[in-house]
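Taking it in order: structure first as structure tokens, then the write-up.
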Amino acid sequence: MTEKKTTTAPKASSRLAPKGKGVIRETDTTLGWVERGYPQLGAWRALAVEWVKGETVGIGLRPNALVAFLERYLIKQKLPLDPAEFLARTTFLPDFYRTTCPDSAYGIRSNNCIHDFLHWVLLREFSVAADDGHPVVSPAYRNPVPRLSISGIPQRDESVH
């Protein structure tokens with residue numbers, strides 16, 4: 001006796017698209033999670049992927065810092081999503097370190113990683129060549145994330161023991 005095969009249309013799913021096996025946000029250098037979850041961050045994603053490709057040191061920290069910047073800072077703080085508007089000198093922004101990073105050496109390294117990323121974006125997208133051929137950032141734009149020093153962290157002088 002032959003069984004009748006039935007076909008059904010696949011149900012629409014509200015879940016995100018599948019990701020690569022073993023890939024999590026903190027290790028995803030292609031930032032696929034941004035494309036799936038936050039398509040409005042396409043311009044930032046393209047810049048971040050290109051920046052990560054050109055980096056040779058601190059590769060482990062960069063995707064994690066980008067998670068903090070893209071999701072916890074831009075999206076959760078409801079900041080301008082257009083890089084030109086975000087980096088404009090006239091745009092008021094909350095302090096990245098205080099609103100997003102943990103108060104630790106790791107938080108300062110994440111802050112400085114985002115400072116480097118934004119500096120790269122400014123030089124690549126919002127600069128002109130000076131007389132000597134080196135890029136100079138246009139005065140209409142600025143890096144809103146200042147570089148911090150790890151020496152500024154208070155030393156813990158008490159123990160839990």
Side-chain angles (χ1 to χ4, degrees), residues 16-17 19-127 130 134-161:
L16 296 175
K19 59 184 178 179
K21 190 173 188 172
V23 176
I24 59 173
R25 289 180 182 195
E26 290 78 11
T27 61
D28 185 5
T29 57
T30 64
L31 302 178
W33 64 271
V34 175
E35 187 176 34
R36 290 186 302 272
Y38 303 104
Q40 67 272 31
L41 292 174
W44 282 111
R45 178 184 176 265
L47 290 166
V49 167
E50 190 172 335
W51 176 67
V52 168
K53 282 182 187 176
E55 294 298 305
T56 57
V57 294
I59 301 301
L61 175 65
R62 298 200 188 310
N64 203 7
L66 288 168
V67 169
F69 176 69
L70 297 172
E71 187 174 53
R72 294 194 312 257
Y73 190 61
L74 290 178
I75 296 294
K76 297 231 175 167
Q77 300 292 324
K78 297 179 173 69
L79 299 176
L81 301 181
D82 176 40
E85 185 181 351
F86 177 83
L87 296 169
R89 193 168 290 281
T90 57
T91 304
F92 176 77
L93 299 168
D95 185 277
F96 173 73
Y97 178 75
R98 292 185 191 273
T99 59
T100 309
C101 298
D103 190 20
S104 65
Y106 179 80
I108 288 177
R109 285 194 302 273
S110 294
N111 178 86
N112 291 344
C113 182
I114 296 304
H115 169 85
D116 294 344
F117 168 60
L118 294 177
H119 181 73
W120 179 87
V121 170
L122 286 166
L123 289 176
R124 184 178 186 278
E125 300 291 323
F126 306 104
S127 65
H134 290 86
V136 176
V137 176
S138 168
Y141 300 97
R142 55 97 172 92
N143 189 338
V145 179
R147 180 168 282 286
L148 300 176
S149 169
I150 291 180
S151 65
I153 296 178
Q155 297 296 322
R156 309 285 186 228
D157 58 356
E158 295 181 12
S159 171
V160 296
H161 300 288

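All values reported here derive from a predicted model rather than from experimental measurement.
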[X] versus [Y], closest heavy-atom pair with distance:
X: Pro139; Y: Arg89; answer: O-NE, 2.8 Å
X: Phe86; Y: Pro144; answer: CE2-CG, 3.8 Å
X: Ile114; Y: Ala65; answer: CD1-O, 3.4 Å
X: Pro146; Y: Asn112; answer: O-OD1, 4.3 Å
X: Leu31; Y: Arg45; answer: O-NE, 3.0 Å
X: Ser110; Y: Phe96; answer: O-CE2, 4.3 Å

Can you tell me how far apart [atom1] ([X]) and [atom2] ([Y]) are? Round to the nearest 0.5 Å.
X: Thr100; Y: Asp95; atom1: OG1; atom2: CG; value: 8.5 Å
X: Arg124; Y: Glu50; atom1: CZ; atom2: CD; value: 3.5 Å
X: Leu122; Y: Leu87; atom1: CG; atom2: CG; value: 5.0 Å
X: Asn111; Y: Leu148; atom1: CG; atom2: CG; value: 4.0 Å
X: Glu125; Y: Leu47; atom1: CD; atom2: CG; value: 5.0 Å
X: Asn143; Y: Leu118; atom1: CG; atom2: CG; value: 5.0 Å

Evaluate side-chain contact (heavy atoms from CB on, under 4.5 Å) for Tyr38 paired with Leu70, printing each intermediate quantity in order.
CA-CA 9 Å; Tyr38 303 104; Leu70 297 172; over 6 Å; no

Got a donor-acceptor contact below 3.5 angstrom from the Tyr106 side chain to the Leu61 backbone?
no

Has Thr91 got a side-chain atom pairing as donor or acceptor with Glu85's backbone, closer than 3.5 angstrom?
yes

side-chain contact (heavy atoms from CB on, under 4.5 Å) assessment of Trp51 paired with Asp116
CA-CA 10 Å; Trp51 176 67; Asp116 294 344; 4.3 Å; yes

Heavy atoms, side chains only, cut-off 4.5 Å: are Ile75 and Gln40 in contact?
yes

With side-chain contact (heavy atoms from CB on, under 4.5 Å) as the criterion, how do Val137 and Arg142 come out once you've worked through the C-alpha distance, each side chain's angles and the decisive distance to 0.1 Å?
CA-CA 8 Å; Val137 176; Arg142 55 97 172 92; over 6 Å; no

Hey, do the aromatic rings of Trp44 and Phe69 have their centres closer than 6.0 Å?
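Centroid distance Trp44-Phe69: below 6.0 Å, so yes.
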
Begin from the C-alpha positions of Asp103 and Tyr97 and carry the test side-chain contact (heavy atoms from CB on, under 4.5 Å) through to its verdict.
CA-CA 8 Å; Asp103 190 20; Tyr97 178 75; 2.8 Å; yes

